[in-house]
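Predicted model, so just to flag it, every value in this text is computed and none were measured. Convention: sequence-line order gives letters A, B, ...; per-chain numbering from 1.
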Amino acid sequence: MDLTLDQQEEGFRDELRAWLERNHPGPAPRGGDQAQFEFEREWQRRLHADGWAGVAWPTEYGGRGATLVEQAIFGEELARAKAPRPANVLGLVMGGPVVIAHGSNEQKERFLEPILSAEEIWCQGFSEPESGSDLASLKTRAVRDDGGWRISGQKVWTTFAHEAKWCMLVARSDAEVPKHKGLTYFLLDMEQDEIDVRPLRQITGEAEFNELFIEGAHVPDENVVGGIGNGWMVAITTLMNERAGLGASAALGLSNTLDELIELARERGVAGDPIVRDRVARLKIATEGLRLGAMRALTATMKVGTPGPEGSISKLQWSSTNQALTELAVEVGGTEALGSGSLWAYRFLRSRANSIEGGTSDVLKNIVAERVLGLPKLR
Amino acid sequence: MNFDFNDEQREIKSTAREFLASRFPPERVRELAESRTYDEGLWAEICELGWPGIAIAERHGGQGLGVVELVILEEELGYACAPTPFLGNAYGGALIEEAGSDEQRASWLPGIASGGARGAAEVDADPEPLVVDAEGASILALAEGEGAKLVDPGDARLERLDLIDTTRACFRVAAEDGEPLPGDAFPAANRAAVALSAELVGVAQRALDMAVDYAKEREQFGRPIGAYQAVSHRLAEMLWDVEEARSLTYYAGWCADAEPDSLPLAASMAKARASDAAASVTHNALQTFGGIGFTWEHDLHFLLKRARVAGRMLGAPRAHRERVAALAGL
């Protein structure tokens, strides 16, 4: 057991820290509007210019080829520096890795570089109004057409759809076979009249997400990824990429917010309140539990290819801790913290989605029960 | 970065699991718990394995390994719910090694390391000093102000306490005199808290395993109860408790050996989390078993009781959380 970084890892961290010190653009404007997006796009360009955009990507595709530990360090250091997120985050963590894993040589040639440079933004078309957790039941249809496919249906919770050039879209290409087998993974060009993007206003008042109404949009054959009927398998890769290695940076993000909460408790004169102290300590312990569990999972992944049971609970730990943290903040912060313009109120409201987005806590507990504990399925 | 045991540590773990499963099967644990005794023959076997001196320096007769190895053994002792004087001896040894004079070390550590002349130490003071494993010990370490003192058992009055956990012997000890330990008792208390956290992780893991096995077998309404989400989600949350407590405990063990400055915070986080996890997991295991889990005949209650009593030794969870709050800057 050795929780220190080796020389190469330290070198990676120091180089990144030095780079961040020189290049940090300051905090991004808030509100999910065009100004924020352009800020984040500019930030990604700067990351890319010095080879920090596709840290996890293999070097042959323009990435840095970082080890798992280095990827975790990257996430941690960006969180520690409170750096903005890159504009094309879905392309970087999902789209690119899927093209690398399942795409043809032509697709790699065509799609990867513009993802890194943020020239082409990517969005994800998985969820539908009637297919949330039960993704494989999705109804959006793909019908054979001259040299390609015509797509029709409705997608929801699509981030960056109004900025995106490409949508990672899963649609039903064969309605005759069992539900997991009839799906295909498409790269849909968003610049077509057959796609209507409507912002979806959320409880924070902003519109981070969109609905897509698609009526006969065209996808050429060369934009099918992983072959017809393999959409489920390809989509699972994307979702696993979404979850891998997030624990370390998530814990650091929590730790930053917890420091702000401690400051708030002091300002509000409740730092000596035993109940506040107890709740803050619980949050501190949960945050460390998440960080350390992520390190254990990382070690297991390096040794045996998959994280152990500790990795399956990271998302549950993170969402419950972030929700409890923001709840305590709006309680401690008084009515001021509940004002519509307050950052704490925003965080409190935004964190309500944490236990839903990227796998609901309810479904994650099913996964833990079935795959980790080996309990029988109800279905 | 490597957050896992090495081959030697893994070997220690699997040997301990196997040895304890054969020596402390549930029937034996029950016999010992019901008769409120330790098995001196089994203790002698444990001594032959060198466990009592695992974390004591070689020059004092120990194995010279670290708190990580101590954590491994304690987790397995908790998993087996084994009634042994291991904890009291380990804590007594840690106090003398960390805070004792050269002379005190030379006098007591070889016996503690071999297990032939055991130590015992105070683990609670609410409302009065409570010493684990005091009976049969050759030397007692009691709290004295901020520090600790050594007391000859012959100079102390021992009263066995009748606590709900009968897998461990706890005593009220009164002693006027004693010989102070000159050093700081705090590091040893932290190390012992980490060891006890590991025991609690083991207790929780055992209760979780029992509940999961039962949920796969027990059928109601025509299905195994583990197929119902009311049951399976509770079991998933129990795994969460166990794994989070384990991550914090292993980390604290590593801090004790490699990064002592981080130990006070790490030990308090581990002890608070592991105490709560063991209490909650054993409770939820009982809920999973239903009525049978509430019977004396079932073995679960030994774990539930051990979790409760051990959970408040060496600092109850809320006391450790108070320390965490202070160390976090509040």
Practice task
Quick one: which of V280(A), V372(A), D362(A) has the most heavy-atom pairs under 4.5 Å with chain B, could you say?
Solution key: D362(A)
Practice task
Flag the pair N2(B) / K303(A) as yes when at least one side-chain heavy-atom distance between them is below 4.5 Å, and no otherwise.
Solution key: yes
Practice task
Can you check whether anything in residues 75-83 of chain A gets within less than 4.5 Å of chain B, heavy-atom wise, and list it by number?
Solution key: none
Exercise for the section: Would you mind checking which part of S312(A) comes under 4.5 Å of any heavy atom in chain B, side chain (CB onward), backbone (N, CA, C, O), both or neither? Expected result: side chain
Handout entry: R282(A) portion near chain B, given a 4.5 angstrom heavy-atom threshold
Key = both
Handout entry: Residue part contacting chain B, namely of A265(A), when any heavy atom lies under 4.5 Å
Key = side chain
Practice task
Give a yes or no on whether R318(B) atom CZ has more than 12 heavy-atom contacts from other residues, nucleotides or ligands under 6.0 Å away.
Solution key: no
Problem - Within 6.0 angstrom of R371(A) CZ, more than 12 heavy atoms from elsewhere - result: no
Completion exercise
Under 4.5 Å to a heavy atom of chain B? For S320(A) that would be side chain
Practice task
Taking all non-hydrogen atoms of both residues into account, name the closest pair between A328(B) and I262(A) and its distance.
Solution key: O-CD1, 3.5 Å
Problem - From OG (S262(B)) to CG (L3(A)), nearest 0.5 Å - result: 10.0 Å
Handout entry: Minimum heavy-atom distance A236(B)-L373(A), with the two atoms named
Key = N-CD1, 3.9 Å
Fill in the blank from the handout: chain A shares the most heavy-atom pairs under 4.5 Å, among E243(B), E322(B), R321(B), K216(B), with R321(B)
Problem - Contacting region of E263(A) [heavy-atom separation from chain B under 4.5 Å] - result: neither
Problem - side-chain contact (heavy atoms from CB on, under 4.5 Å), paired with Y251(B), selected from R296(A), M295(A), R291(A) - result: R291(A)
Practice task
Mind checking side-chain hydrogen bond (donor to acceptor under 3.5 Å, both in side chains) for S355(A) and listing every partner two or more places apart, or none if nothing turns up?
Solution key: Q323(A)
Exercise for the section: Starting at CE of M302(A), measure out to CG of D4(B) and round the result to the nearest 0.5 Å. Expected result: 9.5 Å
Exercise for the section: Work out which heavy atom in A325(B) is nearest to a heavy atom in A281(A); give both atom names and the distance. Expected result: N-CB, 4.0 Å
Problem - Electrostatic pair R273(B)-E288(A), nearest N-O below 4.0 angstrom - result: no
Handout entry: Gap separating the CZ atom of F3(B) from the CE atom of M1(A), nearest 0.5 angstrom
Key = 5.5 Å
Practice task
Name all residues meeting the side-chain contact (heavy atoms from CB on, under 4.5 Å) criterion together with L265(B); count only those two or more places apart in sequence or in a different chain, and write none if there are none.
Solution key: K284(A), M269(B), V324(B), L327(B)
Problem - Test item: R277(A) side-chain N/O and L330(B) main-chain N/O as donor-acceptor pair under 3.5 Å - result: yes
Completion exercise
Cut-off 4.5 Å, heavy atoms of chain A, and the answer for D276(B) is side chain
Fill in the blank from the handout: Comparing L239(B), L208(B), N6(B) against chain A, the one with the most heavy-atom pairs below 4.5 Å turns out to be L239(B)
Handout entry: Closest non-hydrogen atom pair between E244(B) and G289(A), with its separation
Key = CG-CA, 3.9 Å
Practice task
Mark yes when over 12 heavy atoms from residues, nucleotides or ligands other than E18(B) sit less than 6.0 Å from its CD; otherwise mark no.
Solution key: no
Fill in the blank from the handout: Cut-off 4.5 Å, heavy atoms of chain B, and the answer for L375(A) is both
Problem - chain B contact via A286(A) - which portion, at a heavy-atom distance below 4.5 Å - result: both
Exercise for the section: Check whether A245(B) gets within reach of chain A through its side chain, its backbone, both or neither, counting any heavy atom under 4.5 Å. Expected result: neither
Problem - Contact winner vs chain B - V368(A), L316(A), V69(A), heavy-atom pairs under 4.5 Å - result: L316(A)
Completion exercise
Test side-chain contact (heavy atoms from CB on, under 4.5 Å), reference M1(B), set T4(A), D2(A), D6(A), L298(A), output is L298(A)
Practice task
Count the heavy atoms belonging to other residues, nucleotides or ligands that lie under 6.0 Å from CD of E219(B), then report whether that count exceeds 12.
Solution key: yes
Handout entry: Contacts of type side-chain hydrogen bond (donor to acceptor under 3.5 Å, both in side chains), residue E357(A), not counting sequence neighbours
Key = R350(A), N354(A)
